[in-house]
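Convention: sequence-line order gives letters A, B, ...; per-chain numbering from 1.
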Amino acid sequence: MSRQDEARAFHYAVYDTVQQIPYGKVTSYGHIAKLIYKPKNSRHVGQALKYLSIEGPNDYPYHLNNVPWWRVINGAGAISPRDESSVQRQLQLLIEEGVVVVNNKVKLSEFGWFPETEFDDYT
DNA sequence: CGCCTGACCGTCA
DNA sequence: TTGACGGCCAGGC
C-alpha cells in the first residue's frame, strides 16, 4: 500500500465518520480521530477536511457538498481559526442548523455529538 | 530522504 | 479558569 493510498484511506475514514454527525450537532477533531482508532491523529482530521476544498483526484467521491465539514470544531467548542472567509461560512452554516454559537463557542454539552464509543473490548 | 507546518489535544503551572 | 508547552505524525516541498 503506497503512501498515497494510506493517505486516501485515512481521509475516507474521516469523511465517512463526519457524515455520521447528525444535523444540528457538532463534534471535535479529537473525537473523530478516536472513532477511526487513531486517537493521536486529531490534527490530521483537520488536514483531511482542508483537503475537501482542494480539487482532488477524478475518482475522489468526497467534496465540500457531501461532507458536513462545518459540524467539526475543536475540543474547546470553538471554530478553529484559519482564513476568515471559511470561518464565517462555517459559522453561518452552523447557525442555519440551529446551533447556538456564543463568543464563537458552541456549548458542547448541548450540541455535542459524542456517541458512546463501545470499543472497550477492542484490543 | 529530511525538514517544516499544522481546521489539535492533554497536561500542568 | 487560562495560557503556555510538548507531543503527534501525515502532507507538502
- On DNA chain C, nearest-nucleotide positions of A:Q47 versus A:K40: which is more 5'? A:K40
What is the distance from [atom1] of [X] to [atom2] of [N], rounded to the nearest Å?
{"X": "A:I32", "N": "C:dC8", "atom1": "CD1", "atom2": "P", "answer": "22 Å"}
{"X": "A:N74", "N": "B:dG6", "atom1": "CG", "atom2": "P", "answer": "16 Å"}
{"X": "A:L35", "N": "B:dC9", "atom1": "CG", "atom2": "P", "answer": "13 Å"}
{"X": "A:K34", "N": "B:dC8", "atom1": "NZ", "atom2": "C1'", "answer": "12 Å"}
{"X": "A:Y51", "N": "C:dC9", "atom1": "OH", "atom2": "P", "answer": "21 Å"}
{"X": "A:Y29", "N": "C:dA10", "atom1": "OH", "atom2": "P", "answer": "19 Å"}
{"X": "A:N103", "N": "C:dT2", "atom1": "CG", "atom2": "C1'", "answer": "15 Å"}
{"X": "A:H31", "N": "B:dA7", "atom1": "NE2", "atom2": "C1'", "answer": "18 Å"}

Looking across every strand, which nucleic acid part, if any, lies under 4.0 Å from [X] by heavy atom: base, sugar-phosphate, or nothing?
{"X": "A:S80", "answer": "sugar-phosphate"}
{"X": "A:P39", "answer": "nothing"}
{"X": "A:S86", "answer": "nothing"}

Where the side chain of [X] is defined as all heavy atoms beyond and including C-beta, which of [options] is the nearest nucleotide?
{"X": "A:L49", "options": "B:dC9, B:dG10, B:dA7", "answer": "B:dA7"}
{"X": "A:A7", "options": "C:dG11, B:dA7, C:dG12", "answer": "C:dG11"}
{"X": "A:H44", "options": "B:dG10, C:dG12, B:dG6", "answer": "B:dG6"}
{"X": "A:S42", "options": "B:dA7, B:dC8, C:dG12", "answer": "B:dC8"}

- Query: Would you say the ring centroid of A:H11 lies under 6.0 angstrom from that of A:Y62?
  - Reply: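 Not close enough - the centres of the two rings lie 6.0 Å or further apart.
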- Query: Between the base of B:dG6 and the side chain of A:R82, is there any donor-acceptor pair under 3.5 Å?
  - Reply: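 By the distance-only test, no, there is no pair.
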- Message: Looking at A:H11, I'd like to know whether one of its side-chain N or O atoms comes within less than 4.0 Å of OP1 or OP2 on C:dG11.
- Response: yes
- Phosphate contact (B:dA7 OP1 or OP2) by A:K50 side-chain N/O below 4.0 Å: yes
- Task: Please state whether the rings of A:F114 and A:H31 are parallel, tilted or perpendicular, taking 30° and 60° as the class boundaries.
- Result: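 Aromatic pair A:F114/A:H31 classed perpendicular.
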- Message: Can you tell me how far apart NZ (A:K105) and CD1 (A:I73) are? Round to the nearest 0.5 Å.
- Response: 11.0 Å
- Query: When you check the side-chain N and O atoms of A:Q88 and A:Q92, is any donor under 3.5 Å from an acceptor?
  - Reply: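 Note: A:Q88 and A:Q92 side chains miss the donor-acceptor criterion.
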- In plain terms, say whether A:E97 and A:R71 are close enough for a salt bridge, that is, a side-chain N and a carboxylate O under 4.0 Å apart. yes
- Mate of B:dA7 where both pairing distances stay under 3.5 Å, Watson-Crick or G-U: none
